[in-house]
Amino acid sequence: KGLDGQLDEFAKRSLDETYPYVIFDARYEKVRQGGIVVSQAVLIALGINSDGKKELLGLEVANRESTTSWKDFLHRLKERGLGGVEFIVRDSHEGLKKAVTQIFPESVWQRCYVHFLRNALDYLPRKGDHDCLQELRWIYERRNLAEAQADLGKWLGKWESRYPKLCSWVEENIQETFTFYRLPVQHHRDMKSTNLLERMNQEIKRKTRVVRIFPNQQSCFRLIMSLAVEAHEGWLEDSRYLNMDLLWEEKREQLININKAA
């Protein structure tokens with residue numbers, strides 16, 4: 001409990017830098033409330049600042065992952081100064097989707113392709129050919145959108161007669177996972193999924209598995225925030241994670257091309 005003051009101060013600190021890239025995700029922990037054990041959503045935001053370094057922007061424990069909980073979380077981030085957000089990575093949760101659209105309408109967003117491929121399993125028969133999904137995964141290794149779209153057309157042509165339900169769903173939703181092609185090629189690997197955040201979540205899970213059930217919500221927040229702050233401090237000491245100069249150069253080239261076309 002002696003940590004609570006420090007953790008609260010960190011959680012409410014001002015976000016004075018700009019964060020062009022932001023990743024949102026949630027995980028769940030078991031917490032005892034009123035004599036029963038319930039699942040609590042841990043909402044997390046990770047940012048890449050203009051120097052290319054990773055930072056933990058925010059972390060909160062909510063009763064559930066809903067539009068309201070995500071909207072409140074995003075509002076508080078904005079009130080603390082979160083700005084300059086150009087690109088957001090998230091999963092397909094409808095609550096998060098609505099909150100991001102409302103709170104950061106000026107930002108473009110990327111649906112995590114890893115979550116997308118997991119969702120695709122729901123549309124593939126249990127005894128379906130998993131080469132189908134492997135070939136779909138390969139599309140994300142292309143260098144640009146034109147190549148990806150060409151491969152998608154070939155993939156649909158090959159599999160739509162065998163798995164029409166899957167192909168129809170993919171065709172309807174896959175464009176949300178291609179937004180990362182707007183970014184510099186060197187950033188594609190890191191910004192097409194929530195994997196940056198997943199790595200931290202795996203480390204948190206390794207520690208919280210020992211606890212199993214937290215006695216209350218505050219104890220859950222205390223342990224997870226402590227672990228997250230430790231990761232955050234390590235990132236600040238590391239060299240930059242991404243070369244953001246590549247993003248600014250690409251934006252300048254896009255602006256030049258727009259002016260030429262005008």
### Message
Tell me the closest heavy-atom pair linking P20 and W248, and the distance in Å.
### Response
CG-CH2, 3.5 Å

### Query
Quick one: do Y140 and L145 end up in the same hydrophobic cluster if we chain Ile, Leu, Val, Met, Phe, Trp and Tyr together by side-chain heavy atoms under 4.5 Å apart?
yes

### Message
Hydrophobic clusters here meaning ILVMFWY residues chained together by side-chain heavy-atom distances under 4.5 Å, can you tell me if V211 and I44 are in one?
### Response
yes

### Query
Taking the six-membered ring for Trp, are H187 and F87 ring centroids under 6.0 Å apart?
no

### Message
Do V38 and Y28 sit in one hydrophobic cluster, given that two such residues count as connected whenever their side-chain heavy atoms are within less than 4.5 Å of each other, even indirectly?
### Response
no

#### Entry: Whether over 12 other heavy atoms sit under 6.0 Å from E9 CD
no

### Query
So, K53 and D238, do they make that salt bridge, N to O below 4.0 Å?
no

### Task
Report the hydrophobic cluster partners of F104, with the cluster defined as I, L, V, M, F, W, Y residues connected by side-chain heavy atoms closer than 4.5 angstrom, directly or transitively.
L15, Y19, V22, F24, L43, L57, W70, F73, L74, L77, L82, V85, I88, L96, V100, I103, W109

### Query
By salt bridge (charged side-chain N to carboxylate O under 4.0 Å, His left out), which residues pair with D91, not counting sequence neighbours?
none

### Query
Can you tell me if R13 uses its side chain to pair, donor with acceptor, with the backbone of F10 under 3.5 Å?
yes

### Message
Rounded to the nearest 0.5 Å, what separates atom NZ in K30 from atom CD in Q40?
### Response
10.5 Å

#### Entry: Check: P164 main-chain N/O paired with S168 side-chain donor or acceptor under 3.5 Å
no

### Query
Should we count NZ of K205 as having more than 12 external heavy atoms under 6.0 Å?
no

### Message
Pairing donors with acceptors under 3.5 angstrom, does anything connect the side chains of S69 and D72?
### Response
no

### Query
For D4, does its backbone N or O pair with a side-chain atom of D8 as donor and acceptor, under 3.5 Å?
no

### Task
Working to the nearest 0.5 Å, report the span between OG1 of T67 and NZ of K97.
11.5 Å

### Query
Hey, any chance F221 and L3 share a hydrophobic cluster, counting ILVMFWY side chains that come within less than 4.5 Å of each other, even indirectly?
yes

### Message
We want to know whether D190 and Y21 form a side-chain donor-acceptor pair, criterion being a heavy-atom distance below 3.5 angstrom.
### Response
no

#### Entry: Closest contact, heavy atoms only, L166 versus A120
CD1-O, 3.6 Å

### Query
Looking at residues at least two apart in the chain, or sitting in another chain, which of them share a salt bridge (charged side-chain N to carboxylate O under 4.0 Å, His left out) with E29?
R27

#### Entry: For the student: nearest non-hydrogen atoms of L196 and M191, plus distance
CD1-SD, 4.5 Å

### Task
Considering only NZ, NE, NH1 and NH2 on the basic side and carboxylate oxygens on the acidic side, decide whether E176 and R111 come within less than 4.0 Å.
yes

#### Entry: Heavy-atom side-chain contact between V61 and I224 under 4.5 Å
no

### Side chains of D245 and R240 in contact at under 4.5 Å (non-hydrogen atoms)
yes

#### Entry: Derivation of the side-chain contact (heavy atoms from CB on, under 4.5 Å) call for T194 and V114
CA-CA 8 Å; T194 59; V114 176; over 6 Å; no

#### Entry: I174 side chain near Y113 side chain, heavy-atom distance below 4.5 Å
no

#### Entry: Verdict with supporting geometry, M200 and L56, side-chain contact (heavy atoms from CB on, under 4.5 Å)
CA-CA 10 Å; M200 185 180 77; L56 175 70; 4.2 Å; yes

### R80 side chain vs A11 backbone, donor-acceptor pair below 3.5 Å
yes

### Task
For E198, check salt bridge (charged side-chain N to carboxylate O under 4.0 Å, His left out) against everything at least two apart and list the hits.
none

### Message
Taking the side chain as everything from C-beta on, heavy atoms only, tell me whether E60 gets closer than 4.5 Å to R76.
### Response
yes

### Side-chain (S14) to main-chain (D16) donor-acceptor, under 3.5 angstrom
no

### Message
Just to verify, what does E233 make a salt bridge (charged side-chain N to carboxylate O under 4.0 Å, His left out) with, not counting sequence neighbours?
### Response
none

### Task
Not counting sequence neighbours, which residues clear ring pair (Phe, Tyr, Trp, His ring centres under 6.0 Å) with H188? List them please.
F180, Y181

#### Entry: Flag if over 12 foreign heavy atoms under 6.0 Å of CZ, R199
yes

### Task
Determine, step by step, whether S92 and N119 satisfy the side-chain contact (heavy atoms from CB on, under 4.5 Å) criterion, reporting the C-alpha distance in whole Å, the side-chain angles of both residues, the deciding distance to 0.1 Å, and the verdict.
CA-CA 9 Å; S92 61; N119 296 151; 3.5 Å; yes

### Query
Distance-only, no hydrogens or angles: does the W155 side chain make a donor-acceptor pair with backbone N or O of C167 under 3.5 Å?
no

#### Entry: Spatial distance of atom NZ (K251) from atom CG (L183) [nearest 0.5 Å]
10.0 Å

### Query
Could E203 and K207 be called an ion pair, given the rule that one side-chain N must be under 4.0 Å from one carboxylate O?
yes

### Query
With a 4.5 Å limit on heavy-atom distance, are the side chains of R162 and D129 in contact?
yes

### Connected via hydrophobic side-chain network under 4.5 Å: L246 and L242
no

### Task
Check whether the side chains of K192 and T177 place a donor and an acceptor atom closer than 3.5 Å, and report yes or no.
no

### Message
I'd like to know if K154 and E135 make a salt bridge, using a cut-off of under 4.0 Å between side-chain N and carboxylate O.
### Response
no

### Query
Going from CZ on R222 to CG on L227, what distance comes out if it is rounded to the nearest 0.5 angstrom?
12.5 Å

### Message
For the CG atom of L121 and the CZ atom of R126, what is their distance to the nearest 0.5 Å?
### Response
12.0 Å

#### Entry: Evaluation steps, side-chain contact (heavy atoms from CB on, under 4.5 Å), between R143 and E147
CA-CA 7 Å; R143 286 181 61 85; E147 291 181 5; 4.0 Å; yes

### Message
Please report the interatomic distance CG(L136) to CG(L124), rounded to the nearest 0.5 Å.
### Response
10.5 Å

#### Entry: Side-chain touch V31/I213, heavy atoms, less than 4.5 angstrom
no

### Message
I'd like to check E65 versus H93 (side-chain heavy atoms, cut-off strictly below 4.5 Å). Are they in contact?
### Response
yes

### Message
Within the structure provided, determine whether I23 and R90 are in side-chain contact (heavy-atom separation under 4.5 Å).
### Response
no

